[in-house]
Amino acid sequence: MAAELVEAMNMVKSFRVSDLQTLLASMGRSKSGLKQDLVGRALRLVQTEYSPELLKNVRQLYESRFPKTSGWLAARRPESVPVAYSSLSSSPTASAQGADYLNGISKPASTPAAEVKLVSLPFYQTLETLLPPTELIAQNNEKLQDSQCIFELTQHQVDQIRNSSELRAGMKSIQVVLRICYTDSIGIQEDQYPPNIAVKVNQSYCHVPGYYPSNKPGVEPRRPCRPVNITPWLHLTTASNRVTITWGNFGKRYSVAVYLVRVFTSAELFSQLKQCSVESAERCRERIQDKLRFDPESEIATTGLRVSLICPLVKMRLGVPCRVLTCAHLQCFDAVFFLQMNEKKPTWTCPVCDKPAPFELLTIDGLLSEILKETAEEIEEIEYLTDGSWRPIRDERERDRERERSNTPDYPVVDICVPEANGHSPAHSSTSQTGKSGTGSTGTGPGGASGAGGAVVDLTLDSSSEEEGAGAGGDSEDTEDSADSPAPKRGRYDYDKDLVTAY
């Protein structure tokens, strides 16, 4: 009875919210609340009111969720798990079945109807499957679990690894990698590490990627879930390799798989992109014309689309313009920098619209590549027109530089020294050409006053300057004239101040 109780509790832990609600409703219990509340309520129900009817309901819900054979269900029972690793090396049959072992139990011959499928990764090409996706099974109710798997390499696989080129010191281009994901047969699964993960290969711990630091307050650091390279810790012979995975058992189910893969660099992916995915300039023009085609139902007519020649990733001029086929925008990003960034931190997200940007949907813009060759370095933006043509957009700084080089004034020059109709001239600033007016002030008497029609008065001079000017004028006059009649008080110029009107 104890074994059946433990089996029922393990089944309840793997239920979804809908399964938990069905179980609780069938037993007359409340089915409202979060999943953790429902799980706790169902476990207490199994422990306190265990009965054959309850066990039957739990098994029916479990078999509807996981339609597997009775042998596989029996293998899931912790009490009946036979742990015997010595038979792997002693028995030739067991040695040949080494790749079928996980958690110390032999995988049944009949595999589940729906298998877990892992997403394909651009930087990893799968050559062979050493261990198919197999579920990590908890041996007890402890939070930390240890699961072991054993596999062997053939002599051909060993030669492939040894003869492969090195990506960098100590890292081969052909590797054996460990991948972990959620156990879910619906859809394609991405790599996902369980909590408190640690991987030990042949009694040596291997490196697992750590967490990315977060600069945003209140945001937890995120761990990059990528394949774990276990090649340096393997026996590169035909001997068995044992991998021990320590993981946190917090209600979620995980599967582990081992693959022999070829690892690509960002430069190799870029070469593939140039060979296989380049959109012609003619096709790009058709796309532009489709976007700018007049829509009679739209009240706003678009006559042009502006596109920046600066990469949104690195804020530099585009080298190889690239974009995603499924994105609606025409703005491109640099393909080289995009691949390099995803090689270090794989996100595969469009930097323009933040939508998914898988490698299979990337394409090089042939039209923008031609535009980059034809335009100067200082051009940072262009505009596509309705006929598929384009024109450069010059910014205000470039216009200012052209204006300075041409020395062409922007505003007309107004000459304020032209005499008005009443014969007087308006006041002028000290920057005026006073030398010309001085040439007409050499005469004396009424002739001098009448000849001052086009003269300019400098009203910025103070009284001391006027007195000095008067003294200088007295020295230049005839002594006989000054003796006969006193000269009128004059300013710097040879006419009376009373006759001048300043505007």
Side-chain angles (χ1 to χ4, degrees), residues 118-126 166-182 187-199 205-232 247 254 256-257 259 261-274 277 310-327 329 331-364:
L118 280 160
V119 65
S120 60
L121 301 176
F123 288 99
Y124 297 88
Q125 178 189 2
T126 301
E166 287 192 350
L167 299 176
R168 55 179 181 268
M171 180 175 289
K172 296 285 189 178
S173 59
I174 295 182
Q175 303 173 359
V176 177
V177 297
L178 181 77
R179 300 184 66 180
I180 304 177
C181 67
Y182 288 133
I188 299 178
Q189 302 300 313
E190 297 182 351
D191 292 69
Q192 186 66 47
Y193 294 159
N196 308 110
I197 183 176
V199 179
Y205 283 98
C206 68
H207 173 71
V208 179
Y211 288 90
Y212 288 142
S214 178
N215 298 327
K216 299 180 180 179
V219 178
E220 296 182 359
R222 189 175 61 87
R223 165 173 275 176
C225 298
R226 60 178 66 185
V228 181
N229 180 22
I230 61 175
T231 312
W247 54 286
Y254 296 89
V256 62
Y259 299 99
V261 300
R262 182 188 301 275
V263 182
F264 296 114
T265 62
S266 58
E268 292 173 334
L269 282 188
F270 177 64
S271 300
Q272 296 180 19
L273 186 64
K274 288 195 301 183
S277 184
I310 303 300
C311 175
L313 286 172
V314 292
K315 307 304 179 183
M316 296 172 56
R317 186 178 172 88
L318 290 169
V320 182
C322 178
R323 54 184 171 79
V324 188
L325 289 174
T326 54
C327 291
H329 55 80
Q331 180 63 51
C332 294
F333 49 86
D334 194 273
V336 176
F337 289 114
F338 182 75
L339 294 176
Q340 289 177 353
M341 295 178 69
N342 280 279
E343 185 179 19
K344 300 297 181 183
K345 183 180 177 181
T347 57
W348 298 105
T349 303
C350 176
V352 180
C353 61
D354 292 332
K355 292 182 178 179
F359 177 75
E360 295 78 12
L361 296 180
L362 296 181
T363 182
I364 296 177

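- Contact detail for Val352 and Gln331: the closest heavy-atom pair is CG2-CG, 4.0 Å.
- Trp247 and Tyr254 have perpendicular rings, their planes meeting at more than 60° on a 0 to 90° scale where under 30° would count as parallel.
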Go through it in stages, so that I can follow the logic: the residues are Val119 and Arg179, the test is side-chain contact (heavy atoms from CB on, under 4.5 Å), and I'd like the CA-CA distance, side-chain angles, deciding distance and then a yes or no.
CA-CA 11 Å; Val119 65; Arg179 300 184 66 180; 3.9 Å; yes
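- For the atom pair OG of Ser120 and CD1 of Ile188, the computed distance is 7.0 Å after rounding to the nearest 0.5 Å.
- Side chains of Val320 and Ile364 form a contact here, defined as non-hydrogen atoms less than 4.5 Å apart.
- Side chains of Tyr205 and Val199 form no contact here, defined as non-hydrogen atoms less than 4.5 Å apart.
- Heavy-atom minimum distance, Cys332 versus Pro312: O-CD, 3.5 Å.
- Between the Asp334 side chain and the Leu318 main chain, no donor and acceptor come within less than 3.5 Å of each other.
- To the nearest 0.5 Å, atoms SG (Cys322) and NZ (Lys274) are separated by 12.5 Å.
- Aromatic ring pairs are classed by plane angle as parallel below 30°, tilted from 30° to 60° and perpendicular above 60°; the pair Phe338 and Phe333 is tilted.
- Exactly one of Val228, Leu121, Ile180 qualifies for a side-chain contact (heavy atoms from CB on, under 4.5 Å) with Asp191. That residue is Leu121.
- Listed here is the closest heavy atom pair of His329 and Arg323: O-CD, 4.3 Å.
- Between Pro351 and Met341, the closest side-chain pair of non-hydrogen atoms is not below 4.5 Å.
- Between the CG atom of Leu361 and the NZ atom of Lys355 there is a distance of 12.5 Å, given to the nearest 0.5 Å.
- Looking at heavy atoms from C-beta onward, Cys311 lies out of side-chain contact with Met316 at the 4.5 angstrom threshold.
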If you apply the rule side-chain contact (heavy atoms from CB on, under 4.5 Å), what do you find for Lys172 with Thr231, and how did you get there?
CA-CA 9 Å; Lys172 296 285 189 178; Thr231 312; 5.6 Å; no
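- In the displayed structure, Arg262 atom CZ is contacted under 6.0 Å by at most 12 heavy atoms of other residues, nucleotides or ligands.
- The two residues Pro356 and Val324 make their nearest non-hydrogen contact at O-CG1, 4.2 Å.
- Expressed to the nearest 0.5 Å, how far CD of Gln175 lies from CD1 of Ile230 amounts to 10.5 Å.
- The aromatic rings of Trp348 and Phe123 are tilted relative to each other, their planes meeting at an angle between 30° and 60°.
- Heavy atoms of other residues, nucleotides or ligands lying less than 6.0 angstrom from CD of Glu190 number 12 at most.
- Under the side chain to side chain contact (heavy atoms under 4.5 Å, CB included) criterion, Gln340 pairs with Ser266, Val336, Phe337, sequence neighbours left out.
- For the atom pair CE of Met171 and CD of Glu166, the computed distance is 10.0 Å after rounding to the nearest 0.5 Å.
- To the nearest 0.5 Å, atom OH of residue Tyr259 and atom CG of residue Leu118 are 4.5 Å apart.
- Within the 3.5 Å criterion, the main-chain N or O of Leu325 finds no donor-acceptor partner in the side chain of Thr363.
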